[in-house]
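In each ligand, atom 1 is the first atom listed, and ligand 1 is the first ligand listed.
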Amino acid sequence: MKILMVCLGNICRSPLAEGVLRHLVNAQGLDWEIASAGTGDWHIGQAPDRRSVAVAKTYGYDISAQRARHFTRASFDQFDHILVMDKNNLKDVLGLAINQEQKQKVSLFLTDDAEVADPYYDNALFDPVFKIVEARCKQLIEDWK
Ligand code: 4NP
């Protein structure tokens, strides 16, 4: 199973989801492939935001080697599930889909129509965002393994 995590810049939220889920998947020996991408192209090739690297490290995850990628139409063919952090991401990703099969791969990362808040302009959000992301990644494994 191939899973793509998506946010706006691919430097704060989706790299956390990528790194945490990959770590948990590897620990369980699951044959899942995890990646992340941004709907925006500003940060292509960059390491995650230092605040995301730091909060991940605090909780025992190393995301520092990950590099930002851009979500493109080709991503639909490369992944089975595309999980987006907020409703703007959802609109942007669905806007690139060309058929129903592609649209059906896309859903919000969180359940119950909830969004992962963008922490980019608020340092205090990185810790709660991390906890929400980690909890959902654990739940995803229970749901999908
Ligand atoms: P992310 O956060 O979507 O969680 O990676 C952001 C990162 C960069 C920007 C906005 C949000 N930006 O405007 O550059």
Query raised in the report: Partners of Glu115 by side-chain hydrogen bond (donor to acceptor under 3.5 Å, both in side chains), sequence neighbours excluded?
Result: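 Partners of Glu115 under the side-chain hydrogen bond (donor to acceptor under 3.5 Å, both in side chains) test: none.
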Report task. Please report the shortest heavy-atom distance between Ser36 and Ser14, naming the atom on each side. Result ->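 Closest approach of Ser36 to Ser14: CB-O, 3.6 Å.
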Query - Heavy-atom closest pair, residues Leu140 and Leu83 - result: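 Nearest heavy atoms, Leu140 then Leu83: CD1-CD1, 3.7 Å.
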Report each N/O pair between ligand 1 and the protein that falls under 3.5 Å, naming both atoms.
residue  : atom   : partner : partner atom : Å
ligand 1 : 2 (O)  : Asp118  : OD1          : 3.3
ligand 1 : 3 (O)  : Leu8    : N            : 2.9
ligand 1 : 3 (O)  : Gly9    : N            : 2.8
ligand 1 : 3 (O)  : Arg13   : NH2          : 2.9
ligand 1 : 4 (O)  : Arg13   : N            : 2.9
ligand 1 : 4 (O)  : Arg13   : NE           : 2.7
ligand 1 : 5 (O)  : Gly9    : N            : 3.4
ligand 1 : 5 (O)  : Asn10   : N            : 3.2
ligand 1 : 5 (O)  : Ile11   : N            : 3.0
ligand 1 : 5 (O)  : Cys12   : N            : 2.9
ligand 1 : 14 (O) : His43   : NE2          : 2.9

Report task. Taking the six-membered ring of Tyr120 (Phe, Tyr or Trp), confirm whether the NZ or CZ of Arg51 is under 6.0 Å from its centre and within 45° of its axis. Result ->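 That pair qualifies as a cation-pi contact.
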Requested in this report: With the side chain counted from C-beta on, respond yes when Leu4 and Lys2 share a heavy-atom pair under 4.5 Å apart, and no when they do not.
Outcome: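 Leu4 does not reach Lys2 side chain to side chain.
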Query - Same apolar cluster (I L V M F W Y, side chains within < 4.5 Å links), Val84/Ile3 - result: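 Looking at the clustering, Ile3 is in a separate group from Val84.
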